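Accompanying notes for the structure given below.
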Amino acid sequence: MAEKNLLDAETIQEWYRESKSEYDEWRQEARDCYDLVAGWQWTKAEEQEVREKRRIPVVMNRIGPYIDAILGYQINNRKEIRYLPRENSDSALAEVRTEARRWADDLCDAEDEITDAFSDMVICGMGWTDSRMDYSIDPDGRLITAERLDPLDMAWDVTAMKRNLMDASYVIHARKMKREQAEARWPILETVTPTYADDDETSQFPLDGTNTDYDESGRESRDSGTERPYLILRCQWYEDETIYRVADPQSGQLINLTEDKFKKLKELLETSGAKWVKSSKRHYYQSFVTGDVVLEEGDCPSQEGFTLRPMCAKRDRNNKTWYGMVRSWKDPQKFSNKFFSDILYILATNRKGGAFIESGALED
């Protein structure tokens, strides 16, 4: 836990709102893509219009089998991380590390989680995973090497354009938590009432959320009976910090010193004849925020990068977004449904073909 606020809640909320506004159309398209895969291929307005014309809203779901085929190919060709020895003496150590990695993946069903994230990437263009330590099952901690996250719950740097958002300066995971769970983890919520923005009830990705109704004093009414979850924003970002790379005159090794430590040791380094160069290094941080309250803050679980990681499909350069395979199948699928709906109506309402009779059998 840091001694002072690393980043105020207002800044994180502003990042969150900016990302939601920038990629609102992408999120709506992603919802449509998930509906197409699940077989909900007529909107309510389209289905009502078809039924008013006495037609049947036929669904010939061809997208679902295509997605299943792609996922089957991915499952049958999964990649495995293996450690290879550089020398013969490293063989035992490499094998131990490979088995340790495999053991950790088996405990958290990492292969299935990665497949779910891969499915998200194929459908909507982005698949997200998280790596973390879980202390809820094992008090000593259990390594979660991969956990699938809903892409619609994610927000990211609007200026990021590189594949897998490698140039993003921040990522945010928005999660709704029940009041009891949130207050048990962060007791500060029992004494502090967060200030919230307006909640968007119609969106799956709300701007912000309130937990319960409030009385006239601003405190929440515990007896209101209208309990609503907290919206917890988990933000990871980095800051470039100044460091000094000092060459140890005795061992010749490079030592990285922070700016504060370098100032304290500068005179000693000058007298010892050490050489140094000023540089910068990324330091990764993480904060949990709800409303205008910072619940928890400190270093990111990994200093090698974000633990919230996406994998991206195809780049939509002009809209600065990513899209999957379903975008190219959307119009052919809807055309097929409309075509067969009209064909069934024509076959059901077409006149009889007539009858063969002798000439002169009828007066007219």
Side-chain angles (χ1 to χ4, degrees), residues 16 19-20 22-41 61-81 105 108-132 134 144-158 160-168 170-176 203-206 231-236 305-317 319-333:
Y16 176 65
S19 179
K20 179 182 181 299
E22 181 72 17
Y23 302 116
D24 185 66
E25 293 184 1
W26 175 84
R27 290 189 172 87
Q28 184 57 50
E29 181 187 7
R31 297 186 190 99
D32 295 341
C33 290
Y34 282 110
D35 280 341
L36 288 170
V37 175
W40 303 102
Q41 300 181 352
N61 192 352
R62 301 180 179 182
I63 297 180
Y66 289 152
I67 296 295
D68 293 339
I70 295 174
L71 295 183
Y73 183 83
Q74 187 269 341
I75 291 172
N76 292 326
N77 295 273
R78 283 184 173 134
K79 294 182 178 180
E80 181 184 15
I81 297 177
D105 289 345
C108 64
D109 297 327
E111 290 185 347
D112 295 333
E113 296 290 334
I114 293 175
T115 296
D116 286 344
F118 180 82
S119 175
D120 292 329
M121 181 189 68
V122 174
I123 294 173
C124 69
M126 299 185 76
W128 289 78
T129 58
D130 180 24
S131 302
R132 59 186 178 85
D134 184 15
I144 306 297
T145 57
E147 182 181 27
R148 179 257 180 186
L149 301 176
D150 192 336
L152 297 179
D153 291 341
M154 305 304 299
W156 59 91
D157 186 359
V158 297
M161 285 296 295
K162 289 187 177 181
R163 185 169 296 278
N164 301 334
L165 304 183
M166 295 302 296
D167 57 338
Y170 67 87
V171 291
I172 299 175
H173 177 218
R175 176 190 177 191
K176 284 190 174 182
S203 175
Q204 183 179 347
F205 195 72
L231 183 68
I232 308 298
L233 302 184
R234 177 188 176 191
C235 179
Q236 295 182 352
F306 301 134
T307 62
L308 304 173
R309 292 181 177 272
M311 46 184 172
C312 302
K314 296 185 176 182
R315 177 185 285 107
D316 186 340
R317 184 264 180 193
N319 293 323
K320 297 189 299 183
T321 56
W322 306 87
Y323 66 95
M325 302 297 295
V326 178
R327 175 182 286 187
S328 61
W329 298 335
K330 181 177 180 180
D331 287 341
Q333 177 66 70

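Starting from 1, each residue takes its place in the sequence as its number. Source: prediction; values computed, not measured.
- When each of Asp32, Asp35, Leu36 is checked for a side chain to side chain contact (heavy atoms under 4.5 Å, CB included) with Val326, only Leu36 meets the rule.
- In terms of the salt bridge (charged side-chain N to carboxylate O under 4.0 Å, His left out) criterion, residue partners of Glu147 (sequence neighbours excluded) are, by chain and number, Arg132.
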Less than 3.5 Å apart, which donor and acceptor atoms pair up between the side chains of residues 66-75 and the rest of the protein, not counting sequence neighbours?
{"from": "Gln74", "atom 1": "OE1", "to": "Thr115", "atom 2": "OG1", "distance (Å)": "3.1"}

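- We find that Arg234 and Asp130 are joined by a salt bridge, their nearest charged nitrogen and carboxylate oxygen being less than 4.0 Å apart.
- The two atoms that bring Cys124 and Ala30 nearest to each other are CB-CB, 3.7 Å, heavy atoms only.
- Of all heavy-atom pairs spanning Ser328 and Pro332, the tightest one is O-CD, 3.6 Å.
- Between the Arg163 side chain and the Ala313 main chain, a donor and an acceptor come within less than 3.5 Å of each other.
- Leu308 is listed as a side-chain neighbour of Leu149, based on a closest heavy-atom distance under 4.5 Å.
- Atom CD1 of Ile63 is separated from atom SG of Cys33 by 8.0 Å, given to the nearest 0.5 angstrom.
- You'll find the side chain of Met311 stays beyond 4.5 Å of the side chain of Met126, heavy atoms only.
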Q) Please walk me through it: do His173 and Asp153 pass side chain to side chain contact (heavy atoms under 4.5 Å, CB included)? A) CA-CA 6 Å; His173 177 218; Asp153 291 341; 3.9 Å; yes
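- Using a 4.0 Å cut-off between a side-chain N of Lys or Arg and a carboxylate O of Asp or Glu, Glu22 and Lys320 qualify as a salt bridge.
- Judged by distance alone, the side chain of Asp167 and the main-chain N or O of Lys162 form a donor-acceptor pair under 3.5 Å.
- The closest side-chain heavy-atom distance from Leu165 to Phe306 is not below 4.5 Å.
- Within 6.0 Å of CD on Glu80 lie more than 12 heavy atoms contributed by other residues, nucleotides or ligands.
- Rounding to the nearest 0.5 Å places CD of Glu111 at 7.0 Å from CG of Asp105.
- In summary, the side chains of Thr129 and Glu113 do not present any donor paired with an acceptor at a separation below 3.5 Å, with no hydrogens or angles considered.
- Judged purely by distance below 3.5 Å, without hydrogens or angles, the side chains of Asn61 and Gln41 pair a donor atom with an acceptor atom.
- Checked for salt-bridge contact, Asp316 and Arg327 meet the test: a charged N lies under 4.0 Å from a carboxylate O.
- Atoms CG and CH2, on Asn164 and Trp322 in that order, are 7.0 Å from each other to the nearest 0.5 Å.
- Taking the six-membered ring wherever Trp is involved, the centroid distance between the rings of Trp26 and Trp156 falls below 6.0 Å.
- Counting only distance, with no hydrogens or angles, the side chain of Ser19 and the backbone of Tyr16 share no donor-acceptor pair below 3.5 Å.
- For the pair Asp150 (side chain) and Leu152 (backbone), a donor-acceptor distance under 3.5 Å is present.
- Of the possible donor and acceptor atoms, one in the side chain of Arg315 sits under 3.5 Å from a partner among the backbone N and O of Met161.
- Under a 3.5 Å cut-off, the side chain of Gln236 and the backbone N or O of Thr307 do form a donor-acceptor pair.
- Separation of atoms CG (Leu233) and CD1 (Ile172) is listed at 6.0 Å; rounding is to 0.5 Å.
- With hydrogens and angles left out, the side-chain atoms of Asp120 and Tyr34 include a donor and acceptor closer than 3.5 Å.
- Other residues, nucleotides and ligands contribute over 12 non-hydrogen atoms within 6.0 Å of the CZ atom of Arg78.
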Stepwise side chain to side chain contact (heavy atoms under 4.5 Å, CB included) test for Tyr23 and Val158:
CA-CA 8 Å; Tyr23 302 116; Val158 297; 4.0 Å; yes
